Amino acid sequence: MDNWDDLKFFLAVHKSGTMVAAARHLGANVATVSRRIERLGQTLGAPAFIKTSGDWKPNPDLESLLFLIEEFEGKLSAERNQISLKSEGANPVMIRVGAPPIVLGGVLSANVGDFLSKNKGYTIELHNRTSRSGLGDVDVMIMDTPPDRGSLITRRVGNMEFNTYRRAPSGLDDEWVGLVDKHDDFEPMRRARALFRRPPSLRAANFFDAFRISKSTGLPVLLPTFLAKRDSDFQPAFDDIEPINVDFWAAFHSSRKKDQAAIDAMNWIVSSFEQSQTILLNID
């Protein structure tokens, strides 16, 4: 391999999903990323990516190479973090956590200060992510199902309660507010659709927006319990239906199993979910 740096571009495109996102992550431009990927293909004698159904997928013949690159990057990050955490003058270790907006806003963001005060030498970036298939460009990914692929270390980190609500004294209607259609397979969305016997008449990108839409229209809405309790006018839409609990899972690459930064991030996420549950109990 004449230029190992090209492999970094290969991995970035794979993790980010597009050359535009990879360029942003690498601090480069799309033309540079495209040129590096093309050069890598020429060096290997095989294209790095194959376009299928409009998406760029890694060449199956290069899966073993991609695995080695991911392993190397993970172990390199773990070693670099270990050195930085022991060095007083080092830059803070960056931990990038990806999670759905409701987890970012309802669980993690309020506890960033607590984490940084107890864990010197870190800084945190919170990224809006709803993918269930892999890490992408973050270090730790939180999702509502265990990841279905990738060499990942996965841990159940907490849960969140969801139910359908209406604002008193508005009447119950088959029209309701839910999330955009890419979340239709989310279990609370499936149940809400069955209860209302139709798809949502209004859709929002996240539950915070759904909450606001319901308040402005008076329509019933699917919400996490903690969000509904912020407004005493919200009542369960169906008296005989119990809330549904959704487990959340966090994952990081297996090559970083000894990375103190990844371990500390996992412990912080678990603690944040535990604290959020304590707050809800106090509300009750």
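Predicted model only: the values in this text are computed from it and were never measured.
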Requested in this report: Sorted by first residue and then second, give each ring-ring contact (aromatic ring centres under 6.0 Å, His included) pair with at least one member in residues 79-98; sequence neighbours left out.
Outcome: none
Query raised in the report: Which atoms form the tightest heavy-atom contact between Ala228 and Phe234, and what is the distance?
Result: O-CB, 3.7 Å
Requested in this report: Take Ser271 and Gln275 through the test side chain to side chain donor-acceptor pair (under 3.5 Å) and record every step on the way to the result.
Outcome: CA-CA 6 Å; Ser271 174; Gln275 290 183 47; 3.2 Å; yes
Report task. Flag the pair Leu152 / Trp249 as yes when at least one side-chain heavy-atom distance between them is below 4.5 Å, and no otherwise. Result -> no
Report task. Say whether Phe72 and Phe67 are linked into one hydrophobic cluster, either directly or through other cluster members, by side-chain heavy-atom distances under 4.5 angstrom. Result -> no
Query raised in the report: Out of curiosity, Ile69 CD1 to Leu76 CG, how far, rounded to the nearest 0.5 Å?
Result: 13.0 Å
Report task. Report the C-alpha separation of Arg155 and Asn267 in whole Å, then their side-chain angles, then the decisive distance to 0.1 Å, and conclude whether the side chain to side chain donor-acceptor pair (under 3.5 Å) test is met. Result -> CA-CA 10 Å; Arg155 177 180 177 183; Asn267 291 336; 3.2 Å; yes
Query raised in the report: Taking atom types as modelled and ignoring hydrogens, do the side chains of Ser84 and Asn81 form a donor-acceptor contact shorter than 3.5 angstrom?
Result: no
Report task. Hey, could you give me the CG/CG distance between Asn163 and Leu227, rounded to the nearest 0.5 Å? Result -> 13.0 Å
Query raised in the report: What's the shortest heavy-atom distance between Ala250 and Met266, and which atoms?
Result: O-CE, 3.1 Å
Query raised in the report: For Asp114, does its backbone N or O pair with a side-chain atom of Asn111 as donor and acceptor, under 3.5 Å?
Result: no
Query raised in the report: Can you hop from Val180 to Phe208 via hydrophobic side chains spaced under 4.5 Å?
Result: no
Query - Tyr122 and Leu85, any side-chain heavy atoms less than 4.5 Å apart - result: yes
Query raised in the report: Does any non-hydrogen side-chain atom of Thr225 lie less than 4.5 Å from one of Phe162?
Result: no
Report task. Looking only at non-hydrogen atoms, find the nearest pair between Phe10 and Ala48 and report the distance. Result -> CE1-O, 3.6 Å
Query raised in the report: Roughly how far apart are Met189 CE and Ile244 CD1, rounded to 0.5 Å?
Result: 12.5 Å
Query raised in the report: Got a salt bridge between Asp259 and Lys75, using NZ or NE/NH1/NH2 to carboxylate O under 4.0 Å?
Result: no
**Report entry** Short side-chain to backbone donor-acceptor contact, Ser109 and Leu104, under 3.5 Å
**Finding:** yes
Report summary line: CG (Leu179) and CG (Asp181) are apart, to the nearest 0.5 Å, by 10.5 Å
Requested in this report: Check whether any side-chain heavy atom of His127 lies under 4.5 Å from a side-chain heavy atom of Val97, and answer yes or no.
Outcome: no
Requested in this report: Might you work through the salt bridge (charged side-chain N to carboxylate O under 4.0 Å, His left out) test for Asp184 and Arg203, ending with a clear yes or no?
Outcome: CA-CA 11 Å; Asp184 279 350; Arg203 293 181 182 265; 3.0 Å; yes
Query raised in the report: Checking side-chain contact (heavy atoms from CB on, under 4.5 Å) for the pair Leu44/Leu62: CA distance, chi angles, key distance, verdict?
Result: CA-CA 9 Å; Leu44 297 173; Leu62 303 183; 3.9 Å; yes
Report task. Spell out, yes or no, whether Ile241 and Leu219 are grouped together once hydrophobic residues are joined by side-chain heavy atoms under 4.5 Å, including indirect joins. Result -> yes
Report task. Decide if atom CZ of Arg197 counts as having more than 12 heavy atoms of other residues, nucleotides or ligands within a radius under 6.0 Å. Result -> no
Query - Donor-acceptor contact present, side-chain Trp176 to main-chain Arg198, <3.5 Å - result: yes
Requested in this report: Report yes if some heavy atom in the side chain of Asn159 is under 4.5 Å from a heavy atom in the side chain of Phe273; otherwise report no.
Outcome: no
Query raised in the report: With the threshold set at 4.0 Å, does a side-chain nitrogen-carboxylate oxygen contact exist between Asp5 and Arg36?
Result: yes
**Report entry** ILVMFWY network linking Leu66 to Leu68, side-chain heavy atoms under 4.5 angstrom
**Finding:** no
**Report entry** Sidechain N-carboxylate O distance under 4.0 Å for Lys118, Asp264
**Finding:** no
Query raised in the report: Can you name the residues that form a ring-ring contact (aromatic ring centres under 6.0 Å, His included) with Tyr165, not counting sequence neighbours?
Result: none
Query raised in the report: When you measure from the side chain of Asp139 to the backbone N and O of Arg96, does any donor-acceptor pair fall under 3.5 Å?
Result: yes
**Report entry** Main-chain N/O of Ala205 paired to Asp209 side chain as donor or acceptor, under 3.5 Å
**Finding:** no
Query raised in the report: Under 3.5 Å, side chain of Thr32 to main-chain N/O of Ala28, donor-acceptor pair present?
Result: no
Query raised in the report: Of all heavy-atom pairs between Phe49 and Val13, which one has the smallest distance, and what is that distance?
Result: CZ-CG1, 3.4 Å
Query - Any donor-acceptor N/O pair, Arg167 side chain to Lys215 backbone, under 3.5 Å - result: yes
Query - For Val103 against Phe248, the heavy-atom pair lying closest together - result: CG2-CE2, 3.7 Å
Query raised in the report: Hey, mind stepping through Asp137 and Arg24 against salt bridge (charged side-chain N to carboxylate O under 4.0 Å, His left out) and telling me if it holds?
Result: CA-CA 11 Å; Asp137 59 354; Arg24 184 167 56 249; over 6 Å; no
Report task. Could you verify whether a donor N or O on one side chain and an acceptor N or O on the other, from Ser34 and Glu38, lie under 3.5 Å apart? Result -> no
Query raised in the report: When clusters are formed by joining ILVMFWY residues with side-chain heavy atoms under 4.5 Å apart, either directly or through shared neighbours, do Ile263 and Ile83 land in the same one?
Result: no
**Report entry** Reported CG-to-CE distance for the pair Asp247 and Met143, which is rounded to 0.5 angstrom
**Finding:** 13.5 Å
Query raised in the report: Donor-acceptor pair, Arg256 side chain versus Ala78 backbone, under 3.5 Å?
Result: no
Report task. Report the C-alpha distance between Val107 and Met160 in whole Å, list the side-chain angles of each, state the deciding distance to 0.1 Å, and finish with yes or no for side-chain contact (heavy atoms from CB on, under 4.5 Å). Result -> CA-CA 10 Å; Val107 178; Met160 192 175 293; 3.7 Å; yes
Query raised in the report: Are Phe238 and Phe196 close enough that their ring centres sit under 6.0 Å apart?
Result: yes
Report task. Compare every heavy atom of Ser254 with every heavy atom of Glu71, then report the nearest pair and how far apart it is. Result -> OE2-OG, 3.7 Å
Query raised in the report: Do Leu40 and Phe9 pass the side-chain contact (heavy atoms from CB on, under 4.5 Å) test, and can you show the C-alpha distance, the side-chain angles, and the key distance before you say yes or no?
Result: CA-CA 9 Å; Leu40 177 64; Phe9 284 77; over 6 Å; no
**Report entry** Between CG on residue Leu202 and CD1 on residue Ile213, distance to nearest 0.5 Å
**Finding:** 6.0 Å
Query raised in the report: Can you find a pair of side-chain heavy atoms, one from Glu70 and one from Ser151, that are under 4.5 Å apart?
Result: no
Query - Contact check, side chains of Leu195 and Thr164, non-hydrogen atoms, under 4.5 Å - result: yes
Query raised in the report: Which is it for Gln82 and Lys86 under the side-chain contact (heavy atoms from CB on, under 4.5 Å) test, yes or no, and what are the steps along the way?
Result: CA-CA 7 Å; Gln82 198 75 7; Lys86 292 180 180 179; 4.1 Å; yes
Query raised in the report: Okay, side chain of Ser214, backbone of Ala210: is any donor-acceptor separation there less than 3.5 Å?
Result: no
Query - Side chain to side chain, Ile95 and Glu125, heavy atoms closer than 4.5 Å - result: no
